[in-house]
There are 2 protein chains.
Amino acid sequence: MTIQFAGAMAPSQSLAVADRLESFCATAEFDRPTLVIDVDRVESQYHALKAGLGHADIHYAVKANPHPAILRRLAQLGAHFDAASRGEIEMCLAAGAMPGDISYGNTIKRVPDIAWAHAHGITLFAADAEEELEKIATHAPGASVYIRVIVEVSMADWPLTRKFGCDRDTALKLLDYAKALGLTPLGFSFHVGSQTRKAEMWSPTLDAVAQLWADAKDAGHELTLLNIGGGFPAFYGEEIQAPTDYAAGVMAMVTERFGHIPRIMAEPGRGLVAEAGMIVAEVVLTSRKSDRDLHRWVYLSIGRFSGLAETEGEAIRYQFTTSHDGEPTGPCIVAGPSCDSADVLYEKRPMNLPLALKAGDRVLIRNTGAYTSTYSSVCFNGFPPLDVVAI
Amino acid sequence: MTIQFAGAMAPSQSLAVADRLESFCATAEFDRPTLVIDVDRVESQYHALKAGLGHADIHYAVKANPHPAILRRLAQLGAHFDAASRGEIEMCLAAGAMPGDISYGNTIKRVPDIAWAHAHGITLFAADAEEELEKIATHAPGASVYIRVIVEVSMADWPLTRKFGCDRDTALKLLDYAKALGLTPLGFSFHVGSQTRKAEMWSPTLDAVAQLWADAKDAGHELTLLNIGGGFPAFYGEEIQAPTDYAAGVMAMVTERFGHIPRIMAEPGRGLVAEAGMIVAEVVLTSRKSDRDLHRWVYLSIGRFSGLAETEGEAIRYQFTTSHDGEPTGPCIVAGPSCDSADVLYEKRPMNLPLALKAGDRVLIRNTGAYTSTYSSVCFNGFPPLDVVAI
C-alpha cells in the first residue's frame, strides 16, 4: 500500500519519524483500532524540549498517555512526572520513577489518596482551595504545596475553563493558610491553556503571573517554585513552533519577568507524546443519505467513545492518511462506528477525503499519541477499547 | 445517614424501588464510584412495558447497559435483544439468548463481524446504505434486513442527528436493491429520538413513517416488520408518562396508522434500565475561586469521563441525593475529579446543593442505570472505570 499525506504537511522534523511509524503500520495487521507509539520519538522530543527548557524540570503529564513503555523510557531519561491520581502515581513508581520526582498535580484529591501518596514518599502537592490544604495538612503533614492560580488571558487554541485555580487574593491567602497549617508553600502553578502554538502566546499569561509573584513577595512570602504547567503544542495541521525554540522562548520570557527561580517545573503532555503516536483504523461504511446530498458519510472503526474524544466540538482536526490519497476528493462527514448519534467526528466542517474510499480501507490517523487511549470507553456499544502497541 | 430527595420527586411508582436501592446503598461501603443495579426493578419495568406493547417484541437495546445480570434476567423473561456489535451479540448469547431473538441493529458493521454473526445464527440485520446491503449480501447471504429511515420531525428531548438512516427515496430504492442482492427486506426501522417523554410526542414521526410505509406498499413491496426503535423515557426530573400507559399509547397510535403489522419490534434501553440504577459517589472538594464568587464549586469522585458522559452539553439533569438534603442550599457548579477542564457536569445551569456539603460526603445519583458504566473510560487520569454491582 502506498501512503501519501492528506492535507497539510507536517513540519520536516516529524517526517522521518512519521516514516518509521508509517512503515510499521503499513505492514502490521491489526484486528481492531490500534494506537502505535514510537517510544524513540518520545525520547527525541524529550531531548528537544529539555534543550530549550534549561534548568527547568520536565514533569511529564502522565494523563496524556500512561503507557508503561513511555513512562519507563522517560524515567530512564531522568524525567519527572506530574500525576493526576493515585493510579498514575502507582504507574510512575512501577516504571522506576523516584517518589521525590513525582508531583501530585491534581487540585482535587480524595483523602485516602493523599494519605496513600504521603505514605509512599510523595512530598509535593497542588492545591487551589482551603479545604484541599486542610486535607493535605491532615493526611500529608508537612508536605510542600504550590497554589494553582487562574489566569484568564489565554491565547491557547483551547483556553481552559475556570475549573482549576483561584484568583489573586485567594492565592495570597492560601499561602498564609498553608503556612498556618504546617505546610510548606513553595510557589504557584498556572496553565497557559492547551495547544498554545507559539512561545510568544505565553506573554500575557506570564505578565499576570509575574505580577502575582511580585505581590506575594511584597507580602513577605519567600517563593522558590514556579510551575509553568503544560500547553506545549503538537502538530494537528496548523503551524507550530519547533520544540527547542518554543521551550527556549518560553524560558527566556520567564527569566525576563521573574529573574532566577530556583525551581521551575514544566508539564508537557501532548507536546511530548502526541506526535509519537499513530492510530490505525479502517473505513466501515460509506454512504449518502439521499440522492440530493452533496457530501458523503464516512464511518470509521474508531470514534469519539473509543479514543477520539478530543474531537468533541471538532476541537482537534486530526490528519488522516489513506491508501487513496492523491486521488480525487469530496466533502465527507466523518463519524464513529457506535449507535450513538453524538458519535460524529467532523460535521460542521466536513473533511475532504478520497471519493474512492470504501468499507475495509485502512485509515491512519496521525499525531494521536496523546489523550486518546485512556479516554477510550471500557466497552461502549460492545466495542473493545483502543488497543496500544509500543515500538 | 438519613436520605431525603433533592429537587423534584420521582413518580410514586419509583419510590418503593428507590427505597430498596437506597437502603442497600446507605449501608454498603464502596471504595470507588459504583453503579448499583436492582435487577428486580428491570424485571418489573419489563413487565410494565410489555403490558402496554402487546404483541410487539421487546428487543432490549443492549448498549444501554450490558451487565450480565440484566441480560440473563431479560433472557429468562423471553426478551429479545438489539445488539450494536459482535461484542454485544456475544454477551447476549452468553446470557442465554437465542440467536433468532437477537437483531444486529447497528447500520455500521465491519465485514468480519457480519460474517461472524451470520455464522452464529443471527438472521436479522439493519441497513441504511447500498454498501451495507452489499456487505450483508456477501457475508450473510439470504439474511433478512430492515431499512433505517431518517424522520426529522422529532419532539424528543434529544432528537438524533442525521447519522443513521436514509431519506424516503433512498429507502424505497434500498428495498429493491436488497431483493436484487438476494436478501429479504422485511420493513423499516426509525428512531423517534432519545427521551421522548409522552406517547403523544410520537405522532408526527409515526405520520411520516406511515406515509413511507404506504408508498412502499404502492411500489409493490410486501412489508411485514416495523421496528419502532427506542425513545422510551426515564425519570430525570421532568414529568414522564408511566410505562404501561406510554407503551399502550404508542401501540394504539401505530395500529391507527398502520393497521395490523405481523411483526413489531420495540427497542427500549434507557426506558427499561435507567431507573433501576443508582450511582454511589462522594464529594472530593468544595471551594470558591474568589471571595466575590456567588457560587461554589463542588467536585465529585465521578465525572464525564468516568460514567456521566451524558451530561455533555448538560443534556441530562441527574437527581442528586445527599445526607444534607433539607438543609439550606446554594448554587454550585458541579465537576468531575479529573485534570480535564472539560470534565464539568453542570455550569451553565448550576445546581442547588446543601451549603454544608464537604469533602467525603456521600452523593447518590439516581436513575443512572443506562448509558453510564460502558461510557466510562478505561483509566482516564488514572481513575479506574465505574464499578457495577447488581443486587
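Chain letters run A, B, ... following the sequence lines, proteins first and then strands; every chain starts at 1.
- The two residues D167(A) and R292(B) have their closest heavy-atom pair at OD2-NH2, 3.1 Å.
- Scanning both residues, N381(B) and A84(A), for their nearest heavy atoms gives OD1-CB, 3.3 Å.
- T286(A) approaches A129(B) most closely through the heavy-atom pair O-CB, 4.4 Å.
- The greatest number of non-hydrogen atom pairs below 4.5 Å with chain A, out of D343(B), I150(B), I333(B), is found for D343(B).
- Only the side chain of T170(B) comes within less than 4.5 Å of a heavy atom in chain A; its backbone stays farther off.
- Heavy atoms closer than 4.5 Å to chain B are found nowhere in S306(A), neither backbone nor side chain.
- At a threshold of 4.5 Å between non-hydrogen side-chain atoms, the residues D291(B) and K173(A) count as touching.
- In this structure, no portion of R168(A) lies under 4.5 Å from any heavy atom of chain B.
- Smallest separation of non-hydrogen atoms from I108(B) and G336(A): CD1-O, 3.8 Å.
- Taking all atoms of both residues into account, the shortest heavy-atom contact from V284(A) to E132(B) is O-OE1, 4.5 Å.
- Note: E131(A) CD to W297(B) CH2 = 15.5 Å, rounded to the nearest 0.5 Å.
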> Checking side chain to side chain contact (heavy atoms under 4.5 Å, CB included) for the pair E312(B)/R304(A): CA distance, chi angles, key distance, verdict?
Replying inline: CA-CA 12 Å; E312(B) 180 180 342; R304(A) 281 190 54 203; 2.7 Å; yes
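- Nearest heavy atom pair, residue K289(B) against residue K163(A), reads NZ-O, 2.6 Å.
- Highest contact tally toward chain A, considering only G87(B), G382(B), P384(B), is held by G382(B) [criterion: heavy-atom pairs under 4.5 Å].
- Contact annotation: the side chain of L285(B) approaches that of D128(A) to within less than 4.5 Å [non-hydrogen atoms, C-beta and beyond].
- Only the side chain of D169(B) comes within contact range of chain A, judged by heavy atoms closer than 4.5 Å.
- Contact annotation for V62(B): neither backbone nor side-chain heavy atoms come within less than 4.5 Å of a heavy atom of chain A.
- For F305(A), the part lying near chain B is the side chain, with the backbone staying farther off; criterion is any non-hydrogen pair under 4.5 Å.
- For the set M91(B), K135(B), E130(B), the entry with the most heavy-atom pairs within less than 4.5 Å of chain A is K135(B).
- Among the candidates P385(A), A83(A), A359(A), the residue making the largest number of heavy-atom pairs closer than 4.5 Å to chain B is A359(A).
- Heavy-atom distances place the backbone of T107(B), and not its side chain, under 4.5 Å from chain A.
- Atoms CZ and OG, on R162(A) and S290(B) in that order, are 7.0 Å from each other to the nearest 0.5 Å.
- Scanning for side chain to side chain donor-acceptor pair (under 3.5 Å) contacts around D340(B) gives Y375(A), with sequence neighbours left out.
- The choice from S301(B), A64(B), G165(B), G105(B) that makes the most heavy-atom pairs within less than 4.5 Å of chain A is G165(B).
- Note: C339(B) SG to H191(A) NE2 = 9.5 Å, rounded to the nearest 0.5 Å.
- Per-residue counts of heavy-atom pairs under 4.5 Å with chain A were compared for S287(B), P112(B), S376(B); the largest is that of S376(B).
- Within the 4.5 Å cutoff, no side-chain heavy atoms of E282(B) are placed close to those of V111(A).
- For H59(A), the ring-ring contact (aromatic ring centres under 6.0 Å, His included) partners two or more places apart in sequence, or in a different chain, are H80(A).
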